[in-house]
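Worksheet: the structure to be examined is printed underneath.
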Amino acid sequence: MPTADLWSMLVSLTRVGATKQGIEKAFTVLGADPATMARAFESVSLDVRGTPLGVVPVSGSPGLFTLRVPPVWLGTRRGRDEVFSGLAAALAELCRVTARTGGVLVPPGVAVGDHRAVFGGDVHMIEVLSPVEQEVLCNLLRGWVPALIAVAGHGLTSVGRSPDRTGSRWLATSNSHLATRFLASTTPEHLERVKAELRRRDGVARLDRMDVAPGVRADGTPVVLVRCLDAAATLAGTRAAALLLSALALHARRLVRDGRRTGHAPQRMLEENRARAIADGLRARFAVEDSRATGRRNRHRRAARDAVRDLLREVVVEFGNLETDVAEIAPLLMGVDLPGLGVRAEISERGLLARWAVSGEETLVSECRRALGDATPGGPLLAHLNAEVPGRTSVVLGSWRERIEGPAKPLRRSRQEAR
């Protein structure tokens, strides 16, 4: 192949590629002094593929910590396997340190004994190539925030308590989250004017309090912060969320490459849908705007599950480009598609937590610890569903595998075989 042709092919392959993503994985420590735990965590050496990790207490939430993962490459299946295997080992070590100090490490939202639950969320930081891409990704995510909250939300889990039906107990009680506003531009020369207009018109004094916010790393790299996702109860849930956000970032990059932008959905409608997602999770019904030929706008309602399904379909091509194994996104798929097959119990992380809680506090704590140290794609939720409803689970996985990989083509038989 001529060198020029090879070079053009390589450029076309790398122009729309995944970038690095940082994660702040939230967890709680109950039954131990937060300051003592912070000092204990400082003495622990943790890393992922040679990249040091840090454990930081969350200001204003005693007992809530985050395991900070600097931006890492999640663009291939192998890369994700390595990163999440390292995270599993790090979380397992933090569990051991916590036990030695006399505390219990559990996901946010889980109450143990007489200790009240502490709520928190995982923060994802996505690197982008330019302020234009930053603007497009922020606005793209803005439109999907209600669906993201619905699929990731958790309530309170406690032994002897009926399951909490609140969509996101964390966001319902938070005073540090604002609905994301449309950003006309995030370039340095325009951003101050954008901030001033949002402050004047909407009373938004700080962009970093929005569910999705633009930011800049210390080295000047523009990033997008996603801070509206409840802390995943399992490492598999964190992996699924990170993969979905990587796919959305890839989609935004493709829009920028093609010279396109995202639409400006009505702010009031998005805020109403956000509130419904926080209150009811996947049981919510979202308002949908329908522009008729007459120019009138009519409001319809649709299930949150349908909105999440549309989100996943929107980036199905990007899942393929990211070498996604369908098991990796199973924590997102099962709660959306299994109800249509007649399965409604224990189809999500919150259902799994409720199941463990029914078995008693010892089981709840041990299973939570195991889930945070399980790097298997799909994690304990997929393992449970494969054991309980294998047929219907395989139907969901198979349908999405076909969407991601394309329908399998029958093998052509040789003439000798045909005879």
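Note that this is a predicted model, so its numbers are computed, not measured. Position 1 is the first residue of the sequence, and the numbers go up from there.
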Side chain to side chain contact (heavy atoms under 4.5 Å, CB included), that's the test. Do Val72 and Gln21 meet it? Break it down for me. CA-CA 5 Å; Val72 289; Gln21 185 176 156; 5.9 Å; no
Starting from the C-alpha separation in whole Å, work towards a yes-or-no answer on side chain to side chain contact (heavy atoms under 4.5 Å, CB included) for Thr221 and Val216. CA-CA 6 Å; Thr221 303; Val216 181; over 6 Å; no
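Under 4.0 Å is where a charged nitrogen must lie from a carboxylate oxygen, and between Arg181 and Asp211 no such pair does.
Within a 6.0 Å sphere centred on CG of Asp114, other residues, nucleotides and ligands contribute 12 heavy atoms or fewer. Heavy-atom neighbours of Arg116 CZ from other residues, nucleotides or ligands within 6.0 Å: at or below the threshold of 12.
By the side-chain hydrogen bond (donor to acceptor under 3.5 Å, both in side chains) test, Asn139 pairs with no residue at all, sequence neighbours left out. In terms of the side-chain contact (heavy atoms from CB on, under 4.5 Å) criterion, residue partners of Thr36 (sequence neighbours excluded) are, by chain and number, Asp33, Arg39, Thr101. Taking Gln134 as the reference, Thr186 meet the side-chain hydrogen bond (donor to acceptor under 3.5 Å, both in side chains) condition, with sequence neighbours excluded.
Side-chain contact check for Asp337 and Trp400: at least one donor-acceptor pair (N or O, by modelled atom type) lies under 3.5 Å. Between the side chains of Thr393 and Asn386, not a single donor N or O lies within less than 3.5 Å of an accepting N or O. With hydrogens and angles left out, the side-chain atoms of Glu349 and Thr234 include a donor and acceptor closer than 3.5 Å. A side-chain N or O of Thr166 and one of Arg169 form a donor-acceptor pair less than 3.5 Å apart.
No donor-acceptor pair under 3.5 Å is formed between the side chain of Thr51 and the backbone N or O of Asp47.
The aromatic rings of Phe27 and Phe65 sit parallel, their planes meeting at an angle under 30°, below the 60° perpendicular limit.
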